[in-house]
Amino acid sequence: MKRYFADLHIHIGRTKSGKPVKITGSKTLTLSNILHTAKNQKGINIVGIIDCHSPEVIEEIEDLIFEGKLEELSEGGLLFENETLLMMGSELEVYDTTCKGPIHVLCFIPTLKMMKKFSCWLESQLKNIHLSSQRIYATGRELQKQVKAVGGLFIPAHVFTPFKSLFGKGVERSLTEVFNPELIDAIELGLSSNTEMADHLKELHQYTYISNSDAHSLQKIAREYQVIQLDHLSYLEFEKAIKRKDGREIVANFGLDPRLGKYYGTTCAKCFTRIKQGMVECPNCGSVKFTKGVSERIKELSDTSEHPKRPPYIHQVPLEFIPGLGPKTLQKLLNCFGTEMTIVHDATFEELLDVLPEKTASLILKAREGTLNFHAGGGGKYGTVTE
């Protein structure tokens, strides 16, 4: 068995021809750029690109296969330059009559043939097949059945964020209000929660948790990820890991300390002032409109203090959050160590000192050890490292 780094929620900003896919995504976030950055800069072995239903993205995948850069695997998935597994996915928005609000979900499809079939079905259910995260005009359960019909995996995305998520706005209390629990394969936690927080909901205990970047730019790839134990790279091996079969499994989740996430605490929707429990108006501007934080929402939903045995959830601070570590310094580190995974996990303090001032090197070590201090984020603003 081998261990691989995986980030399974990466958007495409633009197609090869420059047309938008994820409108809020960076123009440099193309399929080819994602694959090169994940392999050569980030050190990520498995990438889930979740806009592969878009026809021009499918065309680019076919072009890369023709050029010999992508190889279709017999067990599903595509191998990029013999090293990096591409998991083809689609992020969709469910908002049927059973939903309290919109819910984003991830659908992973094993083969290009099945992705084309899925895309063809989606075209009759979406207003614009070319764009990411589109509202699907089918029920949550209908979508689940269609994903299973093409051999896919169905995963509710960033389930606690205040907007467009399962527990943020989508349901009152239970996922069964919208979905068939037996057709859910895993749960994506999102940037403002972790394993310990999510396990306060008993109905989630049966599922594997995944932690991903939801990257809208190349820089954000691998700000959250997991280490997965597989025999080799393929879709089938990944599916076994999600279902914890034959020794395949997620062995660790790496994610932001929830306090660094954009939605950890409840804040004023107007001026982002932190709102404490019991407040009825913002003490700063007087607004009565609040953005409920993930921490408060989970307290509302909590129905158990028992937690199942899980892989460790390790609070990892992305290099971009480290004070004093700008783009030029990061490039020096990459020139020395190769990938960000090597910098974050393996570089010794002495090796870092060859490139960095002692203070910055110490912060990277503190981030690795989980001993940095933070100001909590909320209302759409990230938390900050206070050193």
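Starting from 1, each residue takes its place in the sequence as its number. Every heavy atom of this structure was used, including side-chain atoms; hydrogens, water molecules and symmetry mates were not.
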For this session: Apply the test salt bridge (Lys or Arg N to Asp or Glu O under 4.0 Å) to residues Glu177 and Arg173: give CA-CA distance (whole Å), side-chain angles for both, the deciding distance (0.1 Å), then the verdict.
Result: CA-CA 8 Å; Glu177 295 167 36; Arg173 291 206 62 85; over 6 Å; no
Problem set entry | Derivation of the salt bridge (Lys or Arg N to Asp or Glu O under 4.0 Å) call for Glu81 and Lys69 | CA-CA 5 Å; Glu81 295 184 346; Lys69 295 178 180 178; 5.8 Å; no
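At least one donor-acceptor pair closer than 3.5 Å links the side chain of Asn33 to the backbone N or O of Thr28. With hydrogens and angles ignored, the 3.5 Å screen pairs a side-chain donor or acceptor of Ser192 with a backbone N or O of Tyr263. Using modelled atom types, one side-chain atom of Lys148 and one backbone atom of Gly152 make a donor-acceptor pair closer than 3.5 Å. When atom types are taken as modelled, the side chain of Tyr264 and the backbone of Asp257 share no donor-acceptor pair closer than 3.5 angstrom. Checked by atom type and distance alone, the side chain of Asp96 pairs as donor or acceptor with a backbone atom of Gly140 at under 3.5 Å. With hydrogens and angles disregarded, a donor-acceptor distance shorter than 3.5 Å links the side chain of Glu188 to the backbone of His158. Judged by distance alone, the side chain of Ser193 and the main-chain N or O of Leu189 form a donor-acceptor pair under 3.5 Å. Between the side chain of Thr195 and the backbone N or O of Tyr313 there is no donor-acceptor pair closer than 3.5 Å. Remark: side-chain polar atoms of Arg297 are not paired, donor with acceptor, to backbone N or O of Pro162 under 3.5 angstrom. In this structure, Arg223 contributes its side chain and Leu256 its backbone to no donor-acceptor pair below 3.5 Å.
Using bins of under 30°, 30° to 60° and over 60° for the plane-to-plane angle, the ring pair Phe254/Tyr225 lands in the parallel bin. The aromatic rings of Phe179 and Phe154 lie perpendicular to each other, with more than 60° between the two planes, well past the 30° mark.
Using a cut-off of 4.0 Å between Lys/Arg side-chain N and Asp/Glu carboxylate O, Asp303 and Lys202 are scored as not salt-bridged. With respect to the salt-bridge test (charged N to carboxylate O, under 4.0 angstrom), the residues Arg244 and Glu249 do not qualify. By the 4.0 Å N-to-carboxylate-O rule, Lys16 lies too far from Glu56 to be salt-bridged with it. One finds a salt bridge joining Lys116 and Glu62 here, because a Lys/Arg side-chain nitrogen approaches an Asp/Glu carboxylate oxygen to under 4.0 Å. Between Asp7 and Lys220 there is no salt bridge, since no side-chain N of the basic residue sits under 4.0 Å from a carboxylate O of the acidic one. A salt bridge links Lys292 with Glu300: the distance from a Lys NZ or Arg NE/NH1/NH2 to an Asp or Glu carboxylate oxygen falls below 4.0 Å. A salt bridge between Arg310 and Asp199 is present, with a side-chain N of the basic residue lying under 4.0 Å from a carboxylate O of the acidic one.
Between atom SG of residue Cys107 and atom CG of residue Leu153 there is a gap of 9.5 Å, rounded to the nearest 0.5 Å.
Within a 6.0 Å radius of NZ in Lys117, other residues, nucleotides and ligands contribute 12 heavy atoms or fewer.
A donor atom on one side chain and an acceptor atom on the other are not found under 3.5 Å apart for Glu224 and Ser213. Side-chain contact annotation: Gln41 with Glu340, donor-acceptor N/O pair under 3.5 Å present. With hydrogens and angles left out, the side-chain atoms of Lys42 and Thr339 include no donor and acceptor closer than 3.5 Å. For the 3.5 Å distance criterion, the side chains of Glu75 and His232 qualify, holding a donor opposite an acceptor. Glu93 and His104 are linked by a side-chain donor-acceptor pair at a separation below 3.5 angstrom, with hydrogens and angles left out of the test. Under 3.5 Å, the side chains of Asp51 and Ser132 contain a donor-acceptor pair of N or O atoms. Ser17 and Thr15 share a donor-acceptor pair across their side chains, judged by distance under 3.5 Å alone. His53 and Ser119 share no donor-acceptor pair across their side chains, judged by distance under 3.5 Å alone.
Criterion: ILVMFWY side-chain heavy atoms under 4.5 Å apart, direct or through other members. Under it, Ile103 and Tyr209 are part of a common hydrophobic cluster.
Between Phe160 and Leu191, every side-chain heavy-atom pair lies at or beyond the 4.5 Å cut-off.
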